[in-house]
Amino acid sequence: MNKKPVMSAARTIALKLKVLAREKEDVRRTLAVTAKKLRVKARQLAVTAREKEIVRRTLVVTAKKLRVKAKQLAVIAKEKEDVRRKLVVTAKKLKISHQTLKKNVLERTKDCEELRAKDEAIIASIGDGLVATDQKGRILVVNKAFERLLGWKEKDVQGKYLSEVIPMVDGNNKTIAESERLVTKTLRERTTTTTTTTMYYRRKDGASFPVAITVAPIFRGKELIGAVKVFRDITREKEIEKARSEFMSIASHQLRTPLTAIRWVLSSLKRENLPGELKELVNTAHETSTHMAVTIKRMLMISHLEEDGMEPDIAQVELQAVLDKVARLHDAHRQKSGLELSVECPPDLQVRTDEQLLIEILDNLLSNAYNYTPRGGKVSLRVTEEYASVRIDVADTGHGIPQEEQQKIPKKFFRASNIASPAAAGTGIGLYMVYNIVRLIGGAISFVSEQDKGTTFTLLFPS
């Protein structure tokens, strides 16, 4: 057997096996690489699977929440539907209410227009001048009497201040300052004010006439929204008053001379040694004539005051001396009536006023205190300093003034019902004169009184 071909075949086979081994090794290595890649891919797929599982679980939770939310939305939708149905019903009711309200408003508007027309007719027919202002004093409305008395038309004065349209002067033709006008005071003090002295309005044509004025505040709830002024021409009243004052003055002058003679004769008779009954009659006649003389003196003074014919003599006055003098004037009356008098005044206290007119005021007040205080009562004159003023109190423990009559005290010829008797003779002009004198000399007067307990009159003067 030939060995060479066999060896050659073996080598060929060996080579083939070697090549095959190398190919298998390459395949193994390729498979190893592929396996490695597959393991990496498997790990990636595992991670992805875990992430997908997390997402799946999250989606499950979200789906569960969405189902809950869907149920809630279904409930809300049902509630909204219920609300919608209710709104539809309410809308129908509102439509009916609107129609009813519209009808009521039309009827109310018609009523208001009728009421306004009626109010305008009433205002237009008022005989006194009327003007309404806002809270700043600007004119809103005037009536026909305003136009007639002052010569201004409503369209010409609306929106203007009263002081621009209606100049106001006092008895001496001095212009009244804006701060002192009644509308300003009313808006400032929020209370009704009335003229207490004669004031004059100047018309559009420049002519003046005396007026009596009342101003009242206008409130809406508690809010002050303006004021209404009512005024009237008192020219005729002033003429009558002047004629009456002139008559009083003439009559008083004519009575003084015979009355002086009568008093002189009666004084002479009092010194005579007359029988008891006749002496009593003479004394009574003398007291009556003295009272008449005082009354005539007061009538003359009132006449001068009302005609603005009295000029005060202002100077520094020592009050203690004045009080002592007034007290001495009534010593006999006080002792006869069994009354007690106390006088209190700081030493050397002075006030700037008219001494004689102050004596006249205190004389009247003290005389009233004695006349209307029962036996055993007390009367006091007390002076005190109060801020920038001097205060004088004349107090008594007498009959007092009924509450319902107190507002009439400053009026002429008024006498309270509880003292208007022969036992307390009087004319009712003393306090009227006192109030006018106090205003003339720049003071202020007020009083407090309680029936059967007494009265205190208070005077205030700048110190």
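Heavy-atom basis, side chains included; hydrogens, waters and symmetry copies ignored. For this chain, numbers begin at 1 and follow the sequence in order.
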For the residue pair [X] and [Y], what are the closest heavy atoms and their distance?
X      : Y      : value
Gly221 : Phe219 : O-CB, 3.6 Å
Phe209 : Thr235 : CB-OG1, 3.9 Å
Leu319 : Cys345 : CB-SG, 3.9 Å
Leu187 : Asp134 : CD1-O, 4.0 Å
Leu460 : Ser389 : CD2-CB, 4.3 Å
Leu323 : Glu344 : CD1-O, 4.3 Å

(message) Around atom CG of Asp205, are there more than 12 heavy atoms from other residues, nucleotides or ligands closer than 6.0 Å?
(response) yes
(message) A side-chain contact here means heavy atoms from C-beta on lying under 4.5 Å apart; do Ile441 and Ile361 qualify?
(response) yes
(request) Would you indicate whether the side-chain heavy atoms of Val383 and Val390 approach each other to under 4.5 Å? (result) yes
(message) Assess the residue pair Phe461 and Arg352 against the criterion (side chain to side chain contact (heavy atoms under 4.5 Å, CB included)); give the C-alpha distance rounded to whole Å, side-chain angles, the decisive distance to 0.1 Å, and a yes or no.
(response) CA-CA 8 Å; Phe461 296 99; Arg352 187 168 175 77; over 6 Å; no
(request) Test Thr458 against every option in Val448, Ile392, Asp393 by the side chain to side chain contact (heavy atoms under 4.5 Å, CB included) rule and name the one that passes. (result) Asp393
(request) For residues 82-97, pull every pair meeting side-chain hydrogen bond (donor to acceptor under 3.5 Å, both in side chains), keeping only residues two or more places apart or in separate chains. (result) Glu81-Arg84, Glu81-Arg85
(request) Decide side chain to side chain contact (heavy atoms under 4.5 Å, CB included) for Tyr201 and Leu149; before the verdict, give the C-alpha distance in whole Å, the side-chain angles of both, and the deciding distance to 0.1 Å. (result) CA-CA 9 Å; Tyr201 271 167; Leu149 289 168; over 6 Å; no
(request) Report the C-alpha separation of Leu182 and Met199 in whole Å, then their side-chain angles, then the decisive distance to 0.1 Å, and conclude whether the side chain to side chain contact (heavy atoms under 4.5 Å, CB included) test is met. (result) CA-CA 11 Å; Leu182 264 65; Met199 297 294 177; 6.0 Å; no
(request) Evaluate the criterion side chain to side chain contact (heavy atoms under 4.5 Å, CB included) for residue pair Val157 and Ile166; output intermediate values, then yes/no. (result) CA-CA 10 Å; Val157 299; Ile166 320 172; over 6 Å; no
(request) Please determine if Arg328 and Asp331 form a salt bridge, counting it only when a charged side-chain N lies under 4.0 Å from a carboxylate O. (result) no
(message) Using a 3.5 Å distance criterion without hydrogens, assess whether the side chain of Asp128 forms a donor-acceptor pair with backbone atoms of Val230.
(response) no
